[in-house]
Each structure stands twice: as C-alpha cells, then as structure tokens.
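Just so you know, ligand 1 is whichever comes first in the structure, and atom 1 is the first atom listed for that ligand. Everything quoted here is computed from the prediction, not taken from an experiment. The basis for the numbers below is simple: all heavy atoms, side chains too, and nothing from hydrogens, waters or symmetry mates.
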Amino acid sequence: MKIEYIEFNVLGDNRGSLIALEEENEVPFQIKRVYYIFDTQVNVKRGLHAHKELEQLMICINGSCKLSLDDGQTKLEILLDTPSKGIRIRKMIWHEMYEFSQDCILMVLADDFYSESDYIRNYLEFQKAYEMKRDSN
Ligand code: TYD
C-alpha cells in the first residue's frame, strides 16, 4: 500500500497563508460532506473502521495526530501535522486516528453523505471482506 499524499498550493503573502480546495481539482472527487474532529480527549482513538464505498480526504488543519492505514495486508502509520497536505483514504482501508494534540482539528472531506450501512466497524469482518475481494481477483 502506498500513502497517497496530496500537497496543496499555499497562497501566501505578507498577511499570512491561504489554501483553497476545489472538488475534482485538489480534491480528487465530488465533495458531498465535510466533517471535523476537535476537542479530542487524551488517549482517545477514533476511526477504527473501514468504508465499503466511501472515499475521503483527511487534512489536519491545526495541531497534530497520528493516522494508521491498513489495507488488509499492510499497515502504515502517518503523522498528520500540517494543513498543507491531505491524505487520501480510499474505500476498504481500515483507519485509526490517535495521539491527538489538544489543539488538533482534523477535517475530512467525503464523497458521500453519512451512511452507517457503509461502515465496517469490526476488524475481523474487514479482514474477511478483504480476503473475499482478494480471492475473487
Ligand atoms: P463516529 O463514526 O463514532 O466517529 P469516528 O468513527 O470517526 O471516531 O461518529 C460519531 C457520531 O457522529 C456517530 O453517532 C455518527 C455521527 N456522525 C454523523 O452523524 N455524521 C457524520 O458525517 C459522521 C462522520 C458521524
């Protein structure tokens, strides 16, 4: 599995910095939903799921946190600590976020509305789905 970073163009001048994100441009899909995670308590892990179909772009717009990505075969850990980069999270990637700094704001752009039926929240179920996909290829 490779980490899919998307580097954003930082528009800056002597007043400071600005990043603009457009769908199908910096964001590689049509944006149907934006959510953000903030005020996360110490030692909390979030995520702990995969999506059957949803595609997301995760951007740490303030502070820092760690993200682990697992495609069923390999697992990677990434430090998210800049608003100038996004991480693409494709479908069927088990992801967990942890070690949030107190000031962390984690923004996520998604290509569909919230749907609980798109979630796989059980790791064994995720592994089974991965194996079925692998065996059918
Ligand atoms: P949850 O799925 O537990 O967050 P995470 O897995 O990222 O740690 O979401 C917390 C609650 O918010 C849960 O009741 C579902 C709800 N929710 C929405 O209503 N809309 C959304 O877009 C998201 C991401 C969550």
Side-chain angles (χ1 to χ4, degrees):
M1 178 181 36
K2 61 177 187 343
I3 302 170
E4 293 184 79
Y5 286 108
I6 299 178
E7 287 256 12
F8 308 130
N9 194 18
V10 182
L11 308 167
D13 55 31
N14 56 10
R15 296 170 299 170
S17 305
L18 183 152
I19 290 174
L21 303 177
E22 295 184 353
E23 66 180 11
E24 313 266 29
N25 197 348
E26 293 83 2
V27 182
F29 48 74
Q30 292 194 341
I31 304 161
K32 278 208 177 158
R33 177 166 52 111
V34 178
Y35 62 93
Y36 35 97
I37 293 168
F38 59 102
D39 277 350
T40 308
Q41 301 300 300
V42 184
N43 293 329
V44 163
K45 262 195 173 187
R46 297 207 64 140
L48 300 134
H49 62 250
H51 287 283
K52 295 174 193 162
E53 294 298 335
L54 190 74
E55 293 252 350
Q56 302 189 96
L57 185 67
M58 188 172 275
I59 307 156
C60 183
I61 56 173
N62 198 56
S64 66
C65 71
K66 285 185 179 162
L67 168 69
S68 80
L69 298 177
D70 178 345
D71 67 357
Q73 200 175 22
T74 47
K75 198 170 164 178
L76 298 170
E77 184 185 70
I78 308 156
L79 175 68
L80 304 182
D81 64 351
T82 173
S84 65
K85 245 192 233 178
I87 305 284
R88 186 173 185 175
I89 305 178
R90 291 185 187 255
K91 63 180 177 181
M92 288 304 286
I93 300 288
W94 185 269
H95 51 283
E96 302 182 3
M97 297 85 81
Y98 46 95
E99 292 185 31
F100 290 83
S101 64
Q102 232 186 348
D103 58 352
C104 182
I105 304 175
L106 189 59
M107 183 172 79
V108 185
L109 313 183
D111 76 346
D112 210 346
F113 300 119
Y114 173 75
S115 165
E116 190 56 40
S117 64
D118 188 62
Y119 280 71
I120 303 177
R121 291 192 185 270
N122 177 299
Y123 189 76
L124 288 178
E125 195 188 315
F126 165 70
Q127 274 187 319
K128 261 194 213 152
Y130 165 75
E131 281 160 20
M132 273 170 62
K133 200 177 85 183
R134 186 194 55 195
D135 294 345
S136 70
N137 285 337

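Residues Ile6 and Ile78 do not share a hydrophobic cluster, clusters being chains of Ile/Leu/Val/Met/Phe/Trp/Tyr side chains in contact below 4.5 Å.
For atom 3 (O) of ligand 1, the closest non-hydrogen atom of the protein is Arg46 NH2, 3.9 Å. Scanning all protein heavy atoms for the shortest distance to atom 13 (C) of ligand 1 gives Tyr114 OH, 4.4 Å. Nearest to atom 5 (P) of ligand 1 among the protein's heavy atoms is Gly47 N, 3.6 Å.
Near Arg121, with a cut-off below 4.0 Å to any heavy atom, the atoms of ligand 1 are 2 (O), 6 (O).
Side chains of Met92 and His51 form no contact here, defined as non-hydrogen atoms less than 4.5 Å apart. Within the 4.5 Å cutoff, side-chain heavy atoms of Ile59 are placed close to those of Leu21. Contact of the Glu26 side chain with the Ile19 side chain is not registered, since no non-hydrogen atoms from C-beta on lie closer than 4.5 Å.
When non-hydrogen atoms are compared, ligand 1 lies under 4.0 Å from the side chain of His49 (C-beta onward) but not from its backbone.
Geometrically, ligand 1 and Tyr35 share no nitrogen or oxygen pair separated by less than 3.5 Å. Here's the thing with Ile37: none of its N/O atoms is less than 3.5 angstrom from an N/O atom of ligand 1. Here's the thing with Arg33: one of its N/O atoms is less than 3.5 angstrom from an N/O atom of ligand 1.
Not one N or O on the side chain of Lys85 forms a donor-acceptor pair closer than 3.5 Å with the backbone of Leu80.
In this pair, Trp94 and Phe126 present their aromatic rings tilted. The plane angle is within the 30 to 60° band.
Separation of the Tyr114 and Tyr119 ring centroids falls under the 6.0 Å cut-off.
By the definition of a contact as any protein heavy atom under 4.0 Å away, atom 11 (C) of ligand 1 is not in contact.
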